[in-house]
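To keep things clear, I will list the structure first and then write my remarks on it.
In listed order, ligands and their atoms are each counted from 1. For reference, positions follow the sequence shown, starting with 1.
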Amino acid sequence: MRKKIVAGNWKMNMTFDEGQKLTSEIVNMYKDEAIKDVIAVLNPPFPHIFPVKKLIGSVEGVALGSQNCSDKEAGAFTGEVSAKILASFGVKYVILGHSERREYFKENNELLAEKVKQALAHGLTPIFCCGESLEIRTAGTHESNVKFQLTESLFGLSPEDFSKVVIAYEPIWAIGTGKTATADQAQEMHAALRRHIAAKYGKEIAADTSILYGGSANPGNAKELFSKPDVDGGLIGGASLKSRDFIDIIKSF
Ligand SMILES: O=C[C@H](O)COP(=O)(O)O
C-alpha cells in the first residue's frame with residue numbers, strides 16, 4: 001500500500017536558531033497530537049541536517065530529507081554534497097528535480113536521472129519533482145510534458161528501484177504564487193501519471209507509488225487536495241516554515 005507523505009521544503013530559509021525552534025515545535029506537535037499514518041519529512045538546507053536529525057531523534061513517522069544531492073559518487077567536486085554523505089548523516093529522503101533547480105541551476109532530465117541513481121544506490125528515497133510552466137498549461141500540452149519528465153529521468157530504472165521513488169507533481173505556476181491548482185486539476189494529473197507508470201511498470205507498482213502535490217498548499221486547501229484518490233500527500237514550501245500550518249496540513253488527511 002502506498003504511503004501518505006507530507007514533506008516540508010524549507011528552501012533557502014531558516015537560520016540555525018529558527019530551524020531548531022521550527023523542528024522542535026513540529027516534532028512535539030507530531031507526538032502530542034498523536035499523528036499516525038502520515039510521514040512528515042523535513043528538508044532543511046544542508047547545514048541543518050545534523051542538528052535537525054538530533055532533534056527528530058527516534059520519533060517514528062518524522063523523517064529527515066535534503067533538498068538536493070550530487071550526481072557524483074565522491075571526489076573533487078567543491079561545494080557538492082553526495083548521497084553517500086547524506087545517508088551517513090541519517091538522511092532518508094532527497095528532493096530531486098525541483099523546478100527551481102531546473103530553472104536556476106539548469107538541471108536537465110539526464111542529470112536528474114544520474115542524481116536519482118545516486119540517491120537509490122545509497123538508500124535514499126528520491127522525491128522526484130515534475131511539473132509544467134504556465135505557458136505549457138495554457139497550450140494544453142501539460143500532460144505529455146510532465147509524463148516526458150518521468151520517462152526521461154525515471155523510466156531507465158529497474159522495477160525494483162522505481163518502486164522506491166516518490167513523485168511530487170508541482171505545477172510551476174502554482175509555486176509560491178498563492179495560486180493553487182484546483183483539487184480536480186491535481187487529481188487529473190496524478191491519475192495521468194499513475195496510468196503512465198502503470199503502462200511502464202504495471203498496475204501494482206503504479207498503485208503503490210506515492211504521488212504528492214506541491215504548489216501553494218496550505219491548511220485551507222489541503223483537505224480538499226488530500227481527499228482526491230490519487231493525491232497521496234504534499235510537498236510544502238512556504239507553509240512548512242510555520243509549525244502550526246505544517247502540522248495542520250498533515251492533519252488534513
Ligand atoms: O517544494 C515546494 C514547492 O515549491 C511549493 O512551494 P509553496 O508551497 O511555497 O508554493
Side-chain angles (χ1 to χ4, degrees), residues 4-14 18-19 22-23 26 38-46 48-49 52 63-69 86 91-105 107 112 115-116 119 124-134 136-137 142 145-146 149-150 153 165-183 185-186 189-190 193 210-226 228 231-253:
K4 293 174 184 164
I5 299 169
V6 176
N9 178 6
W10 296 7
K11 305 193 179 182
M12 199 171 73
N13 294 297
M14 295 280 131
E18 289 165 349
L22 178 64
T23 307
I26 289 172
V38 184
I39 299 170
V41 187
L42 306 186
N43 300 268
F46 287 134
H48 288 273
I49 292 286
V52 166
L64 179 61
S66 74
Q67 299 174 20
N68 187 21
C69 74
L86 291 168
V91 171
K92 301 286 183 212
Y93 291 78
V94 56
I95 298 170
L96 293 174
H98 193 282
S99 61
E100 288 150 17
R101 297 223 50 98
R102 291 176 190 261
E103 183 181 353
Y104 305 134
F105 303 96
E107 296 194 357
L112 293 170
K115 291 191 175 203
V116 167
L124 302 185
T125 298
I127 300 177
F128 180 80
C129 303
C130 54
E132 81 284 0
S133 64
L134 185 57
I136 288 171
R137 165 72 55 172
H142 46 286
N145 176 267
V146 177
Q149 293 169 27
L150 261 62
S153 297
V165 175
V166 170
I167 309 286
Y169 167 59
E170 299 207 311
I172 298 167
W173 45 272
I175 297 176
T177 57
K179 193 176 175 191
T180 328
T182 64
Q185 284 173 319
M189 182 63 85
H190 286 217
L193 292 177
S210 297
I211 307 180
L212 318 183
Y213 168 80
S216 296
N218 60 50
N221 57 29
K223 205 170 191 63
E224 202 188 343
L225 285 162
F226 296 169
K228 297 294 174 185
V231 178
D232 308 310
L235 179 54
I236 317 298
S240 76
L241 303 177
K242 293 181 189 149
S243 51
R244 189 67 264 163
D245 284 359
F246 187 58
I247 291 290
D248 283 347
I249 291 172
I250 294 173
K251 289 171 80 176
S252 300
F253 266 111

- Would you check whether A239 reaches within less than 4.0 Å of ligand 1, judged by its heavy atoms? no

- Query: Between H98 and E170, is a side-chain hydrogen bond (donor to acceptor under 3.5 Å, both in side chains) present by the stated rule, with each step listed?
  - Reply: CA-CA 8 Å; H98 193 282; E170 299 207 311; 3.1 Å; yes

- Under-4.0 Å heavy-atom contact with ligand 1, by part of I175 that carries it: both

- Message: Does only the side chain of A174 get under 4.0 Å from ligand 1, or the backbone, or both, or neither? Count heavy atoms.
- Response: backbone

Distance filter under 4.0 Å to [X] heavy atoms, resulting ligand 1 atoms:
| X | value |
| --- | --- |
| H98 | 1 (O), 2 (C), 3 (C), 4 (O) |
| N9 | 1 (O), 2 (C) |
| G215 | 5 (C), 10 (O) |
| G176 | 7 (P), 9 (O), 10 (O) |

Taking [X] for its side chain and [Y] for its backbone only, find out whether a donor-acceptor pair lies under 3.5 Å.
| X | Y | value |
| --- | --- | --- |
| N43 | G8 | yes |
| R101 | I95 | no |
| Q67 | N9 | no |
| K179 | S216 | no |
| Y93 | A7 | no |
| S240 | G237 | yes |
| D232 | I211 | yes |

Under 3.5 Å between any N/O of [X] and any N/O of ligand 1: does that happen in this structure?
| X | value |
| --- | --- |
| L235 | no |
| I236 | no |
| K11 | yes |

Looking at [atom], what's its closest protein heavy atom, distance included?
| atom | value |
| --- | --- |
| atom 2 (C) of ligand 1 | E170 OE2, 3.2 Å |
| atom 9 (O) of ligand 1 | G238 N, 2.8 Å |
| atom 8 (O) of ligand 1 | G237 N, 3.0 Å |

- Minimum heavy-atom separation for L42 to V52, with atom names? CD1-CG1, 4.2 Å

